[in-house]
Every structure is written in C-alpha cells, then in structure tokens.
Protein chains: 2
Amino acid sequence: MSRKISKQGLPPLDWLKVFEAAGRHGSFTAAAEEFGATQAAVSQRIRNLESWLGRQLFIRSARGVSLTVDGESYLPLVHDSLRALEQGTENLFGHSVRELRIAAQPSHLEMLLLPRLTVFSESYPDMRIVTETVPKRQDFEAADRALHIRYGRGVWDGREGVLLANEVLQPMTAPEHAKAWRSLPAIELRGERPGWSEWARVTGEGEPEMGPVSVDSMGHALRAARRGIGVVLGSRALASSLLQTGQLECAAAPELATIDGYWMTWPASLGKSKRQAEVLASLTAALQNL
Amino acid sequence: MSRKISKQGLPPLDWLKVFEAAGRHGSFTAAAEEFGATQAAVSQRIRNLESWLGRQLFIRSARGVSLTVDGESYLPLVHDSLRALEQGTENLFGHSVRELRIAAQPSHLEMLLLPRLTVFSESYPDMRIVTETVPKRQDFEAADRALHIRYGRGVWDGREGVLLANEVLQPMTAPEHAKAWRSLPAIELRGERPGWSEWARVTGEGEPEMGPVSVDSMGHALRAARRGIGVVLGSRALASSLLQTGQLECAAAPELATIDGYWMTWPASLGKSKRQAEVLASLTAALQNL
DNA sequence: TTCGAGAGTTAGGTTTTCTAATGTCTAGGA
DNA sequence: TCCTAGACATTAGAAAACCTAACTCTCGAA
C-alpha cells in the first residue's frame with residue numbers, strides 16, 4: 001500500500017526536494033552530499049519520482065547525469081516553488097526555527113554556557129542563541145518556553161531535562177596559593193550548597209579559618225579566589241573553564257560530592273520533532289563536556 | 001535520527017500537505033477523510049509541523065480547530081505553492097500520470113477489456129484509458145511502453161505480467177439452439193487454438209459436422225454463433241460477457257482446458273511506484289473477474 | 001445529566017526509507 | 001588491450017517514520 005497521505009495529482013513532495021538538488025548539481029552524488037545522505041538514497045528517490053511521473057527525468061551516463069527535456073522543463077517549477085516555500089517559511093517562522101532561548105542565572109550563563117557554546121555553534125552555525133538572565137528562582141516560570149539551566153535536584157513541573165553535571169565541591173585557590181592553601185582565609189558562600197563545615201564533617205578534614213569575605217554567588221566566590229583573596233569551596237562544574245585555563249587551581253584536598261547538580265530543562269513540547277531533538281542533543285553534548 | 005533528506009530551512013513537505021488540507025477544511029477529521037487516513041494521522045503530522053516551526057498553527061477546541069494568526073499567515077503561502085506544483089506537474093506530466101495505454105487485438109479489447117472497464121473506472125475515475133489495437137502479433141513490440149493483453153503461454157521478454165484467465169474451450173451456440181446443438185453445423189476457427197478435432201480427441205465426444213463457415217478470429221466466430229449460424233468451440237473468457245447477457249449459451253458438452261491463456265503484461269519499469277502498482281492491481285482485479 | 005462530535009494520546013504493527021555492500025558501465029591512461 | 005577510477009544501479013536488511021486502533025478528554029446541545 002502506498003503512503004496514506006498523498007494529495008491527488010502530486011507526487012510525494014519530499015521526492016521533489018531530491019530532484020531539485022540533483023538537477024541543480026547535475027549529480028546524484030553531489031545531491032546526496034548536500035543532504036548528508038548516500039548516493040543510493042538519492043538514486044532510489046529519483047527513480048520513484050520518475051516512475052510516478054511515468055517519464056525519465058535524467059539521462060544516466062558513466063560520467064554523471066543530465067536532465068532530459070522533461071527534467072529541464074520540470075526543474076524551474078520545482079525550484080521556484082520550493083524556494084517560495086522556503087522563503088515564506090523563513091520569513092514567518094525563521095526566528096522560532098533558528099533561535100534558541102536559554103534562561104539561567106547570570107553566573108551560570110557565563111561560566112557554564114558561554115565557554116562551551118562554540119562547540120555547539122560549529123554544528124549549527126546559523127542558530128541564534130538568545131540568553132535571558134534569571135535573577136531569581138521564580139523568574140524561571142515566566143520564561144517557560146525557553147531552555148532553563150539551573151541548579152537543583154531534578155526535573156521540574158511539566159518539563160523534560162537532562163543532568164549536565166552533578167555538583168562536586170572542592171577547595172580552590174589562585175594557582176600561586178594552591179600548595180599553601182591552608183594558610184589562606186576561607187571565603188564564605190551563602191546559599192543552597194553545602195558549606196565548609198559540611199565539607200569538614202564529611203571528609204574528616206579540619207575546617208579552615210574563615211576570612212572576612214562572604215558572598216552569595218558561586219561566580220563571585222570563584223572570582224574572589226582567583227584574585228587571591230582566599231580559598232573557596234568551589235564547584236567543579238562552574239569553575240571548569242577557570243581551572244582549564246589555569247586561572248584557578250584545585251587544592252590537594254578531598255572533594256565533596258552532592259546529589260544536586262546542574263540541569264538543562266525544556267518544555268515537553270520541545271524535542272518532539274526530530275530536528276529539535278537533534279539540536280537539544282547537540283547542546284547537551286556540548287554542555288556535558290565539562 | 002530524523003529523516004535524512006530534509007532541505008535546510010524547510011520542514012518535511014508532506015507535513016505541509018496535511019496542514020493545507022486541515023486549514024482549508026478547518027477540521028482534522030475532514031482533512032483525514034480527504035486523504036483516506038485517520039484523524040490521528042493528521043493530528044500527529046500537524047503536531048510535528050507545529051513542533052518543527054516552534055509555533056502553534058491551530059487552536060484546538062472540543063468542537064473543532066481554527067487557525068491561529070500564524071496559521072492564517074502561513075496557509076496562503078502553502079496553498080499557493082502546492083497548487084503551483086500541482087498545476088505544473090499536471091501540465092507537464094498529466095498525460096503520463098493519468099493515462100493508461102492498453103494494446104491488444106481488437107476482439108480482445110472489445111470482449112475482454114471493455115465489458116469490465118467500468119469496475120476499474122469507478123476506482124480511478126479520472127484515469128484515461130487509451131486503447132491501441134494491434135492487428136498483428138509483431139505490432140506488440142512497437143507498443144512496448146503500453147500494457148499488453150494477449151493470448152499465449154506466459155510472460156514475454158523484459159516484461160512483467162499476470163495471467164488473467166486460462167483458455168477453456170466449450171461448444172457454444174445461440175440460446176435457442178443450445179439444446180439441439182449437435183444438429184448445427186460447426187464453425188471452423190483457424191489459428192493457434194485447438195480445434196474441433198482436438199476437442200473430440202480429448203473429450204472422447206464425436207466430432208460435429210463442419211459447416212461452410214471458417215473464420216480466423218474468435219470474435220467473429222462468437223458473433224457468427226450468436227446469429228445462429230452454427231456451433232462454435234468458444235473461449236469462456238472471451239465469451240463471458242455474451243454468456244452473461246444471454247446472447248450466447250454453452251452447450252451441455254464437455255470443455256477443453258488448455259495451458260494457454262490471456263495475459264496482461266507491462267514493461268518492468270511500470271509498477272515500480274506504489275501508485276502504479278495499485279493501478280495495475282485494480283485493473284488486474286477487474287479483468288480477472290470473468 | 002447524558003450524549004455525541006471532534007481532538008489528543010499511546011502502543012504496536014506496517015510501510016517507507018536509508019545504508020552498506022556490491023555490481024555495472026564508461027572514459028581515459030598504461 | 002587491460003586496468004582503474006568515478007558515477008550510478010541494485011539489493012537485502014536495518015532503521016525510521018508512519019498509520020491505525022483503541023482509548024481518553026472536553027465541550028456544548030438536547
């Protein structure tokens with residue numbers, strides 16, 4: 001039985017895409033490359049189309065293919081129609097199609113997302129990334145159509161998501177102080193993460209002496225440590241680019257693993273189409289590469 | 001992974017067909033009917049499209065659907081593009097697509113094909129049937145792109161085909177003479193079919209007395225018998241419509257089955273697409289209904 | 001309150017499509 | 001002439017996409 005949905009008087013339209021590309025290139029192989037598929041796939045679809053139309057569209061030779069008279073007549077029509085559709089679709093929906101809105105706390109955007117975005121952008125060069133900073137937790141709800149990157153223990157409400165990395169805390173300092181980190185004052189970090197006393201309790205280490213600095217954001221804490229202000233119980237995930245570039249260094253001290261982590265979530269409606277699923281997968285891969 | 005062949009910037013075009021129909025009807029159910037598919041299929045394809053575009057195209061309510069602003073904007077573009085493609089395709093290839101050329105001997109066309117064509121035409125109302133009479137055997141070769149209906153023992157050269165009916169011969173007369181057929185003169189039929197003597201030999205019956213009439217075509221022979229000129233060793237297949245309408249009647253006499261038969265054949269290139277395969281199947285079904 | 005029409009959802013079977021491997025053909029060079 | 005490289009065809013089998021059947025949900029009318 002044939003594919004069920006096929007308008008009377010029109011061949012399956014996806015065959016026409018292949019015809020258009022093959023006609024344009026004068027080569028099945030080149031058309032296949034344009035689609036990232038094999039030459040066999042193109043060959044079969046062209047054959048299907050010719051068979052449906054009842055006419056040859058290409059003349060095959062050992063050196064390549066050329067259009068028959070019928071093919072020559074058909075190509076402009078197909079080309080123009082597809083281009084009109086493409087243009088119109090782009091005008092109406094281009095933004096939604098090629099734009100990815102990402103909401104996160106400013107420091108997460110800066111320390112998790114931005115350093116790894118180039119990897120993603122290489123795969124999807126014409127995809128715009130639009131960030132939306134989320135000062136407070138509850139502001140995530142207002143951005144419910146965007147991707148979220150946030151710290152926590154699991155997936156939220158009606159959204160799907162993946163764990164990018166678990167939170168692992170370890171004392172970190174500027175490189176020049178890494179050896180003698182015990183002599184540095186500890187920087188206090190207020191918030192939902194375990195602090196120095198929890199670290200000391202779990203690892204059995206002695207609690208370092210607290211310094212005068214207390215911040216409420218891991219981003220600030222890490223930057224403070226980089227300047228030599230003290231030792232911070234830093235997040236491996238958030239610090240990873242600072243660590244990789246040598247601006248920060250882990251002290252030779254035990255780490256504290258937590259059950260919390262950094263999650264990327266999206267509305268369940270996203271990711272239903274394969275294209276979006278691929279985009280999400282690519283972004284996930286980039287971000288998990290800590 | 002998504003379907004491999006999908007032009008950048010364009011969703012799978014077959015989704016657009018469904019969108020166009022659903023938008024035109026304002027109803028998924030109606031669109032489904034137009035395609036001969038289920039409402040679920042339409043629903044899923046629309047959802048895919050919306051997901052690909054990243055926008056809602058329809059507003060769903062319990063009573064039906066209506067287009068969103070985005071949908072309203074998109075519909076004319078899609079409608080016009082598809083229509084242009086449809087029109088252009090029809091202009092260029094309409095004949096090949098909706099025309100079936102059938103070559104056969106005149107009497108086969110008349111007695112096998114025409115009586116059963118209505119059955120086929122009901123399924124494919126806008127398909128033109130173009131017959132080509134073939135006076136001599138070798139003329140089939142000239143019509144090698146057409147369907148052939150011919151008498152013989154199997155499939156020919158590079159063609160595919162099906163057996164429509166085996167040849168079965170039986171004495172036939174006009175209805176008023178059926179009882180007393182032995183008293184009628186036999187009509188001689190020259191050609192490749194077994195004759196009266198073969199019939200007598202195989203069935204063990206006595207050979208009827210030969211009359212003065214000798215013809216070289218089963219069509220002529222049957223018509224002669226219908227006029228009461230004599231008894232003919234008639235082909236069940238070719239006579240079937242005459243028998244059904246009571247213009248001819250089988251005598252109460254044994255039949256002679258042969259290994260020959262009526263075949264429909266087509267170039268192997270036909271029937272490769274599902275559409276053509278369906279057309280062929282439908283025609284075969286009509287013609288086998290003897 | 002019940003009913004019916006229309007749409008959503010899901011699981012699972014079918015059909016279509018794609019790929020990998022292999023075959024065929026031709027042109028051009030050794 | 002023989003060989004090779006490049007382009008397309010063909011095939012079976014795997015993978016993806018698709019469709020249907022069966023069910024649910026919701027709304028508005030009787």
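Lettering of chains follows the sequences in order, A, B, ..., and the numbering in each one begins at 1.
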B/Leu57 backbone acceptor or donor facing B/Glu50 side chain under 3.5 Å: yes

Length of the CG-P vector between B/Leu13 and C/dT17, whole Å: 13 Å

State which residues pass side chain to side chain contact (heavy atoms under 4.5 Å, CB included) with A/Ala32; sequence neighbours excluded, sorted by chain then number. A/Val42

May I ask you to check whether B/His108 and B/Tyr262 place their ring centers less than 6.0 Å from one another? yes

Nucleotide nearest A/Asn48 when distance is taken to its side chain, options D/dA22, C/dA20, C/dT17: C/dT17

If I take atom CD1 in residue A/Ile59 and atom C1' in nucleotide C/dT26, what distance separates them, rounded to the nearest angstrom? 16 Å

Rounded distance in Å - NZ (B/Lys17) to P (D/dC19): 11 Å

Produce the list of close N/O pairs, under 3.5 Å, pairing protein atoms with atoms of nucleotides 2-8 of chain D; give distances to one decimal.
unit_1: D/dA7; atom_1: O4'; unit_2: A/Ala62; atom_2: O; d: 3.4
unit_1: D/dC8; atom_1: OP1; unit_2: A/Phe28; atom_2: N; d: 3.1
unit_1: D/dC8; atom_1: OP2; unit_2: A/Thr29; atom_2: N; d: 3.1
unit_1: D/dC8; atom_1: OP2; unit_2: A/Thr29; atom_2: OG1; d: 2.4

In this structure, how many angstroms lie between the P atom of D/dA9 and the CZ atom of A/Arg45, rounded? 15 Å

Rounded to whole Å, CG of A/Asp14 lies from C1' of D/dC18 at a distance of 13 Å

Counting only side-chain N and O atoms of B/Trp15, is one of them less than 4.0 Å from OP1 or OP2 of D/dC18? yes

Considering only C/dT10, C/dT19, C/dT17, which nucleotide approaches the side chain of B/Arg47 most closely? C/dT10

Would you kindly give the NE2-to-P distance between B/His25 and C/dA5, to the nearest whole Å? 19 Å

Strictly distance-based, threshold 3.5 Å: is any side-chain N or O of A/Asp139 a donor or acceptor partner for the main-chain N or O of A/Lys136? yes

Begin from the C-alpha positions of B/Thr133 and B/Gln105 and carry the test side-chain hydrogen bond (donor to acceptor under 3.5 Å, both in side chains) through to its verdict. CA-CA 5 Å; B/Thr133 61; B/Gln105 290 179 16; over 6 Å; no

d(CD, A/Gln44; C1', D/dG13) in whole Å: 12 Å

Whole angstroms only, please: what is the CD-P distance between A/Glu50 and D/dT10? 11 Å

Between CE on residue A/Met127 and CZ on residue A/Phe120, distance to nearest 0.5 Å: 5.0 Å

Measure the acute angle between the ring planes of A/Phe19 and A/Phe58, then classify it against the limits of 30° and 60° as parallel, tilted or perpendicular. perpendicular

